[in-house]
Structures are given as structure tokens and as C-alpha cells.
Amino acid sequence: MITIRLPDGSTKELEDGSTALDLATSIGRRLAKAAVAATVDGAPVDLGTALPDGAEVAVITEDSEAGRAVLRHSTAHVLAQAVLELWPGAHYAIGPSIADGFYYDFELPGGATFSDDDLGRIEEKMRVVMAADQGFVREEHSIEEGLALFSDQPFKREIIEGVANASPDAELSAEAAADIAPDASAVSTYRNDGFVDLCRGPHVASTGRLGHFRLLRVAGAYWRGDEHRPQLQRIYGTAWESDKALAEHLHRLEEAERRDHRRIGAELDLFSFPTEIGSGLAVFHPKGATIRMLMEQYSRERHIEGGYDFAYTPHITKSELFEISGHLDWFAESMYPPMELEEGQRYYLKPMNCPFHILVFRSSQRSYRELPMRLFEFGTVYRYEKSGVVHGLTRVRGMTQDDAHIFCTRQQMGEELGALLTFVLDLLRDFGLADFYLELSTRPPGKAVGTEEEWDEATEALRAVAEGRGLELVMDEGGGAFYGPKISVQARDAIGRHWQVSTIQLDFQLPQRFGLEYVGADNARHQPVMIHRALFGSVERFFAILLEHYAGALPTWLMPVQVVVLPVRDDHNDYAHGAAARLAAASVRVEVDVADEPLNARIRRWKLQKVPYILVVGDDDVAAGTVGVNARSSERAVRDVALDDFLASLSVEIDTKGSPEPHE
RNA sequence: GCCUGGGUAGCUCAGCUGGUAGAGCAGCGCAUUCGUAAUGCGCAGGUCAGGGGUUCGAGUCCCCUCCCAGGCUCCA
């Protein structure tokens, strides 16, 4: 008999040679049914693994993230199996599970490529393999055996050689690492039917255990993520423990698509990307411009309250400025090429605002009494993003940052950072984002400027303010830029996606390069500390995040049209205009849609525009001074509301930055 | 930048193996006057992304360029 410890601390006695599946069965039939793998003393193993006496064993069930990862990884194997059957001679590379799914990379014979139509054929083939319920059989091989087994598979051989050389796989991504065996002396494979793949495991017991999957798309992907290596053909798919979970996931994808800010931007007539202007360069239409203006106005108000001074700086500059700042050394590739002027003078579009703000600071001798000096600007910058990365408003080539640079003493740094984080989170909450976590990027070893003390002090200050908020803090060790540590605010949206919004970055480099100084109380010159911070990140990107978060149904204070008045017949038009004038006098953005179309058609059109309130006015309203209120997303309208009462509650809603009802 | 897939009316899309372009919505006009998510009829609208080639003939086949999408790489 052997004794097994379970995660809850209890023990279980089993026959010698019992497997993880036997353990699960002994605990309960449902657990056995849901089990896909197990961990033995923390190491993941197949269900069929014989358990050693005294081990601590946990059953991995299909509805856990670890369990889904097993399902997905196993499904990826079947994908490779299907592709190798359909394309004899194909080379297969790696096929890990990823968030919500899996992928597998291939090199097809003769440089062939997958088309979208191939996905259906591959899926069919995979379902045949699953129906055949082939068992996954684990095998261990020496390096030599492994190389022989995969003699015609160059990528597999490369992985095995990597294992053999015991290079700690610095260049293998964590995802790819899941595909290789754990130690340098042997490799493991999994075989089902005629197909064998190099794999660390674990896998489900047999292919019949799989089936709730969908292949989603094909894409190119570099071998080992290196753009200098061959580009392979990648197939992405998703797999779940049940058809229900799969359907829910597909529904989430549809939901995300429905919320796509590019779609909403077109539907609500907010912005566009005229191709005549160029890739990644947006124009804002009147309604989009209204929203943007409101965002910016509110931000300005908050910055005034927050003790910021304002600056305006040009969009172009002589190269000298970016030579001093160092941008031309590091980022010339992502800057627009220079304009050549007379006598070789070169002017650049600015990719960042900081050097300009620095010149404002440096324009006169500064006293410690002036610090902290906080210079704010909606600064429009241009970055020549590579063509493949441009995406809607979230990754553009021209954008406006709500950018500020704070110059302060080292002593002020901690307090300043604390106040700043409060400021950021308050502002984001005002826009309806409420679920945050923070990411702290620390000193990159070996290539940092500034003293270690400065780094420690700054990092500790960031950590202290982060922890003081009780917010989840994710460490990004060594992930800071060479010139200073960084804290970034990640916001979760209404459907659980997270977006990096604000960044707060310490900088020990630029004050030095520009020779910044202030005169201290000791009458000596000191170098100020500089903090870069953008709260929206870029106005365009933040706009996009809000559109996706609210699915276009922004809070009333941000909607370009807040109220529409619909007269039932055209002899109600005068009353409608009067009601609208009353609202407009109270600074409500209101329109009248006169009665030359059926009422329902007009209601529908404004509903689709997500207008917060549609007021319908007819005979009864004209007689009584009332309106019929149809609030956004509500099923039923409320009749006979006194106009003054409506305006009163609307004003409260606008002042409190609320919405007519919880967004969908 | 690289890979794959695309680009047909303002928008969403159809157009088989090459024979000279179509729908719905939107727009405009006329009629309709209506109480909470699509009134009817009519009209107009396209150098089929741009350029070159093959062909008697190209939206359709080939090449180049531009743009878009999904990825990869990148994101100070």
C-alpha cells in the first residue's frame, strides 16, 4: 500500500502501483470524470502515472486553468497530427497552450501556406482523430534516439539539440519551453496512433477526451519569435472542457468584436482614417471631436486643481534637441525622417514632448522654491510605427499625449509620486474605469543610469504608494527603462480585458543630459529629479478604451448628443423646439428630430446612436408641459414627466458623471 | 518590416470556370402626420484601390505599388 497526501492535508491509502486516475476514482466518480492530469509534488504528470509512496498529489480537473491548458495542449497535438496527414512532409515546430487556446507552427512542403479554407478541412481531420479515441502514450528517449526519431524534422531536432546543449534556453520563450523535456539527458515524446511529438506533457489519456474546440485563424509567425529566422505558418485555435464553455468563449469574442472601437467609431460617426492622409493618422469628426474636447477640458480642469502649470510647444524641432536628449541615438528608426532645410539643417517631427518641457524648465535659473514644477501639455507627437503594428486609435502614428513632466527635488520625490498616483486613479475613476492593478518595473541590471540609491529610493517610493492603495501590484523585475523605474496603471474593462493606461516614469537621464539644475536652500546647485507621466496615455488610445469599455454607450456627460426631442406629429414641432431650448439653456447638448418620418424609425435611429435620452412629445405633453422619457437601453418609456423634473435629474446625472442606467 | 487574407456605391456585402456590375442600408425627391427600435414609391450613386501586363475581351488571370484586417517582431 502507498500513502498519498492530498492538497487539503488529508491522506489516502492506495494499492501499490496506483495511478493518479485511480486516486481520482477513489475520491469520487465525478472527480475522475473531470480529471485530465495531476501534479505529483507539484510536477504535472499524466493521469496514468503510477504514484510514488508519500507523494503529495493534486488532481487537475478540466475546468481549471491548468486543466484547460492540458486540453489545449493535447488539442494542439491533434492539430499537428491532422496537418501532417493532410500535408505529408510538413515540418512541425511548437504548439503550446496559450490564454484561451493554443497554436501550432508549421513549415509546409514547398513553401505552401494555409488558407482560411484549410481550417475546415483540418478541423474535420482532427475530429476523425478524436472520434478514434487514440491513446496518448508517453515515451522517454535519449538525446540520440530523439534526434533519430525526428531525423526529418529540423525544428524538433533544433529543440532537442538545445536541450542537449543544456543552454538554459534563454532564447526559448516560456511558451515554447513547455514543449521540451525537463532535463538535459533525455527527451520525452507522446505517441498516438502513428503520430509522435516531442513534448513534456502531461496530456489527456486519449484523443477521445477532446473535442470542444475550434480553429480560429492562420497567421505567420517567426520561428522562436525571431524576425531573422524563418517565418512559419501558425494556426490558432481555442479549446474548452465543454461545448458550453466553448460557446461562451466564442460569444466573448463576438462581444469584443461588437465593442471594437473602429466599428463603433464608424457607426457613431466619431472618426475615420482617410487613406489620403496616411496610415495611423486619424481625423475626428464633429461628434468624436466633441467627446475628445470634453475629455480634454475635464483633464485640464483637474490639472489646474492638481497644481500643474501649462505649456505649449512646437511639433517640430532642429535635430540638435534630439541629439542632446539622445532620442536620435536610440529611436531614429521610429521617428519620421527629417525635413532637410537650407545648409543641411534638419528638422524632425517630435516623437516625445519631454525635451521641450525641459527647455521650458531651463529657460531661467530655478530656485528650490519653485519646485515641484509640473508642466502639462496636450502634446501631439508623431512616431513612425512599423506598418504592421498600426491599429485603430490604439496604435497610431500621430497622437496627443496628456503629457506632463514634474521637476522636483529628491526629497520631494516620494510625496510627489504618492500624490500623483492618487491623482491618476481619481481621474481614471471619473471616466468610469474602476478596476485597476499596478505594474512596477525595476532597475534593469547592468545598464542603468543614475545611482543605485536613487533607483532604490524611487522604486521604494513607487512601491510604497502602490501598496498604500491596496491595489494589486505586479512586479516587472528589471523591466524598467535604463533611465528610471516605472509604474504603469492597468485598467480592466467591462468584459475583463486589461489595458495599460497611465504610466509614471522616473528619469535620471535627461536632467543630466540637459544639465538641469536648481539652486537649493544651501545656495548650491542641485540636479532635479524628473517624472514623466501620461494619464490617458494618449487621448486617442484612451478614447478607444472608453468606447470599448462602454460599447459606445458613454456616460451622459461625455455623449456628443445627450438628449433628442421627437415630436409625434409636426404640429408638436414648436413645443419640441421649446423644450429643447429649455434644455440647451441649461447646457444640455440636445437635438430636435422633426416629424417627417415615422416615430419608430426616428427612435430606432437615435437608439442606435446610443443617445442617453429620447424625449417623445405629443398632444398630452403640449397640454401639460411634460415629456415622454425613453432612456438608453431601457425597455419601457416613462410618460408624462414634467420637463423641469427631467432636467433636474439629468443635471444631477451629468454632474455626477453617471449614465442613464448601467451600461450593457 | 515579415507572413496570411482582403480592397466592388457613403456603409455592409453578392458577382460561378474571363464576355463588359448588383442588393440591402444610408443619401436625394414625392407622398405619408404617426405616442416609444425600420411608412411607401421613385431617383441618383461605381475609372470594381492605383498602375502595368496577358487576352478579341479583365472586377475576374499575372506582376508592381498603396491601403485595410489578423498575427509575428516592435512599442522609448
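Chain identifiers are assigned alphabetically (A, B, ...) following the order of the sequence lines, protein sequences preceding nucleic acid strands; residue numbering begins at 1 within each chain.
The separation of B/C66 from B/G24, taken at their P atoms, amounts to 37 Å, rounded to a whole angstrom. Going from the C1' atom of B/G71 to that of B/U54 covers 34 Å, rounded to whole Å. Spacing of P atoms, B/U60 relative to B/U20, comes out at 14 Å, to the nearest Å. For the P atoms, the distance linking B/U73 with B/A37 amounts to 49 Å, nearest Å. Remark: the separation of the C1' atoms in B/C28 and B/U36 is 28 Å, to the nearest Å. Remark: the separation of the P atoms in B/U17 and B/C62 is 12 Å, to the nearest Å. Rounded to whole Å, the C1' atom of B/C64 lies 35 Å from the corresponding atom of B/A76. Distance noted for atom C1' between B/G51 and B/C13: 26 Å (whole Å).
Using Watson-Crick or G-U wobble geometry with both donor-acceptor distances under 3.5 Å, B/G18 finds no partner in any strand shown. With both pairing distances under 3.5 Å, B/C2 is matched to B/G71 as a Watson-Crick or G-U wobble pair. When both distances must be under 3.5 Å, the Watson-Crick or G-U wobble mate of B/C66 is B/G7. Remark: B/C48 base-pairs with no nucleotide; criterion is Watson-Crick or G-U wobble with both hydrogen-bond distances under 3.5 Å. Pairing for B/C30 goes to B/G40, judged as Watson-Crick or G-U wobble with the two contacts each under 3.5 Å. Remark: B/A58 base-pairs with no nucleotide; criterion is Watson-Crick or G-U wobble with both hydrogen-bond distances under 3.5 Å.
Contacts of A/I614 with the nucleic acid, taken as non-hydrogen atoms under 4.0 Å apart, are absent. Residue A/R636 is out of contact with every strand shown, counting any heavy-atom pair closer than 4.0 Å. Base contact: A/A595 has a heavy atom under 4.0 Å from a base atom. At a threshold of 4.0 angstrom between heavy atoms, the contacts of A/E597 include nucleobase atoms, whether or not backbone atoms are also involved. If you check every strand for non-hydrogen atoms under 4.0 Å, A/D571 touches nothing.
By the 4.5 Å heavy-atom criterion applied to side chains, A/L216 and A/L250 are counted as neighbours.
Listed nucleotides: B/C72, B/A37, B/U36. Nearest to the side chain of A/L608: B/A37. Of the candidate nucleotides B/A37, B/G35, B/U32, B/G35 has the atom nearest to the side chain of A/V568.
For A/H572 and B/G35, the shortest distance from a side-chain N or O to OP1 or OP2 is not below 4.0 Å. An OP1 or OP2 oxygen of B/C34 is reached within less than 4.0 angstrom by a side-chain nitrogen or oxygen of A/R569. Side-chain N/O atoms of A/N600 include one lying less than 4.0 angstrom from OP1 or OP2 on B/A38. A/R262 has a side-chain polar atom (N or O) that falls below the 4.0 Å cut-off from OP1 or OP2 of B/G70.
Distance NZ (A/K386) to C1' (B/G1): 5 Å, rounded to an integer number of Å. Going from atom CG of A/D619 over to atom P of B/U36 covers 13 Å, rounded to whole Å. For the pair A/L216 CG and B/G5 C1', the computed distance is 15 Å after rounding to whole Å. When the C1' atom of B/U4 is taken as reference, atom OH of A/Y236 falls 12 Å away, rounded to whole Å. Rounded to an integer number of Å, the gap from A/I603 CD1 to B/U39 C1' is 14 Å. The CG-P distance, from A/N353 to B/A76, rounds to 15 Å in whole Å. Atom CZ in A/R513 sits about 17 Å away from atom P in B/A76, given to the nearest Å. Distance A/Y104 OH to B/C3 P: 24 Å, rounded to the nearest Å.
Neither side chain, A/S334 nor A/K386, offers a donor N or O lying under 3.5 Å from an acceptor on the other. There is a side-chain donor-acceptor pair under 3.5 Å between A/H91 and A/E107.
Partner A/E597 forms a salt bridge (Lys or Arg N to Asp or Glu O under 4.0 Å) with one of A/R605, A/R602, A/R569 and no other, that one being A/R605.
Mapping A/L615 and A/D570 onto RNA chain B by nearest heavy atom places A/D570 closer to the 5' end of the strand. Heavy-atom nearest nucleotides on RNA chain B were determined for A/G280 and for A/V389, and the one closer to the 5' end corresponds to A/G280.
Judged by distance alone with a 3.5 Å cut-off, a donor-acceptor contact links the side chain of A/Y222 to the base of B/G1. Within 3.5 Å, a donor on the side chain of A/R395 pairs with an acceptor on the base of B/C74, or the reverse. You won't find any donor-acceptor pair under 3.5 Å spanning the side chain of A/R605 and the base of B/A38, going by distance alone.
Heavy-atom minimum distance, A/M559 versus A/G552: SD-O, 4.0 Å.
No more than 12 heavy atoms of other residues, nucleotides or ligands sit less than 6.0 Å from atom CZ of A/R214.
For A/F213 and A/F102, the distance between ring centers is not under 6.0 angstrom.
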Salt bridge (Lys or Arg N to Asp or Glu O under 4.0 Å) between A/D403 and A/R533, worked out: CA-CA 6 Å; A/D403 207 2; A/R533 40 111 290 175; 5.9 Å; no
